[in-house]
Amino acid sequence: MLDFSVSVLPLIVLALGNFILSWAWYSPILFAKPWMKALGINPDKKEMTEEEKRNMPWLFLNGLIASFLVVYGMMVAVHSLNIADFAGGLLVGVVIWAGFALTHSLNTLWEGRKPLVLLINNGLFLLTYALYGGILAVWR
């Protein structure tokens, strides 16, 4: 039986953590330049267009909503399987990543995405799914 109950504090902390980690992952500190180059975007561009500036609040809101959804989905999976140890939660996260995130990302290659984009994106997905699965298993 699926357990749709919500543990509010872990949900909020991990969703905000996911949002911040995602920002750092795609920042110049880590992978922004190779990711942007692989997408055909000039990583040295200093100014945003007016359209890009207008879209920023929506992009941040979408990122925040997606962070809450991924953590809640992982919470449902981990709690429904009654996983209570970090390693078990980590394994659930890896299986969910491989079964859903990776397979959907592989389909973006049909859109002409470069494998480097897939590698950078899935590095983040694997890290967060595994880490949050483990954390949610022990933090109820």
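Every value quoted in this text rests on a predicted model; they were computed, and no experiment measured them.
Annotation: the span from Ile12 atom CD1 to Ser7 atom OG amounts to 11.0 Å, rounded to 0.5 Å. If you take CG on Leu14 and CZ on Phe68, they are separated by 10.0 Å, rounding to the nearest 0.5 Å. Taking CG from Leu119 and CG from Leu124, the interatomic distance works out to 12.0 Å, rounded to the nearest 0.5 Å. Summarising the geometry, atom CD1 belonging to Ile41 is positioned 14.0 Å from atom NZ belonging to Lys33; distances are rounded to the nearest 0.5 Å. The line from CG of Asn121 to OG1 of Thr108 is 7.5 Å long, rounded to the nearest 0.5 Å. To the nearest 0.5 angstrom, Asp44 atom CG is 8.5 Å from Met36 atom CE.
A chain of hydrophobic side-chain contacts below 4.5 Å, direct or via other Ile, Leu, Val, Met, Phe, Trp or Tyr residues, connects Val13 to Leu11. Transitive grouping of hydrophobic side chains (ILVMFWY, heavy atoms separated by less than 4.5 Å) brings Leu16 and Val6 into a common cluster.
Alongside Met1, the hydrophobic cluster contains no other residue (criterion: ILVMFWY side chains under 4.5 Å). Hydrophobic clustering, defined by side-chain heavy atoms of Ile, Leu, Val, Met, Phe, Trp and Tyr closer than 4.5 Å, groups Leu69 together with Trp58, Leu61, Ile65. Ile20 shares a hydrophobic cluster with no other residue; no ILVMFWY side chain has heavy atoms under 4.5 Å from its own.
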Show me the side-chain donor-acceptor pairs of residues 76-97 shorter than 3.5 Å, one per line, residues at least two apart or across chains.
unit_1: His79; atom_1: NE2; unit_2: Leu136; atom_2: O; d: 3.4
unit_1: Ser80; atom_1: OG; unit_2: Asp3; atom_2: N; d: 2.6
unit_1: Ser80; atom_1: OG; unit_2: Val76; atom_2: O; d: 2.6
unit_1: Asp85; atom_1: OD2; unit_2: Gly88; atom_2: N; d: 3.0
unit_1: Trp97; atom_1: NE1; unit_2: Asn122; atom_2: OD1; d: 2.9

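Phe60 pairs by the ring-ring contact (aromatic ring centres under 6.0 Å, His included) definition with Phe19, not counting sequence neighbours. Residues meeting the side-chain contact (heavy atoms from CB on, under 4.5 Å) test with Lys37, sequence neighbours left out: Pro43. Among residues two or more places apart in sequence or in another chain, the side-chain hydrogen bond (donor to acceptor under 3.5 Å, both in side chains) test is passed with Lys45 by Glu52. For Tyr26, the ring-ring contact (aromatic ring centres under 6.0 Å, His included) test picks out Trp35, with sequence neighbours left out. For Asn55, there are no side-chain hydrogen bond (donor to acceptor under 3.5 Å, both in side chains) partners at least two apart in sequence or on another chain. Remark: Ser67 pairs with Asn18 by the side-chain hydrogen bond (donor to acceptor under 3.5 Å, both in side chains) rule, at least two apart or across chains. Qualifying salt bridge (charged side-chain N to carboxylate O under 4.0 Å, His left out) partners for Glu50, counting only residues two or more places apart in sequence or in other chains: Lys53.
Using modelled atom types, no side-chain atom of Trp139 and backbone atom of Leu9 make a donor-acceptor pair closer than 3.5 Å.
The shortest distance between side-chain heavy atoms of Leu106 and Leu118 falls below 4.5 Å. In this structure, the side chains of Arg113 and Leu39 come closer than 4.5 Å at one or more pairs of heavy atoms.
In this structure, Trp25 and Leu127 approach most closely via the heavy-atom pair CZ3-CD2, 4.0 Å. Nearest heavy-atom pair, Ser5 versus Met75, reported as atom, atom and distance to 0.1 Å: O-SD, 4.0 Å. The shortest heavy-atom contact between Pro28 and Ala32 is N-CB, 3.5 Å.
Among pairs with a residue in residues 107-129, none fulfils ring pair (Phe, Tyr, Trp, His ring centres under 6.0 Å), at least two apart in sequence or across chains.
Applying the 6.0 Å contact sphere to CD of Glu47 captures no more than 12 heavy atoms from other residues, nucleotides or ligands.
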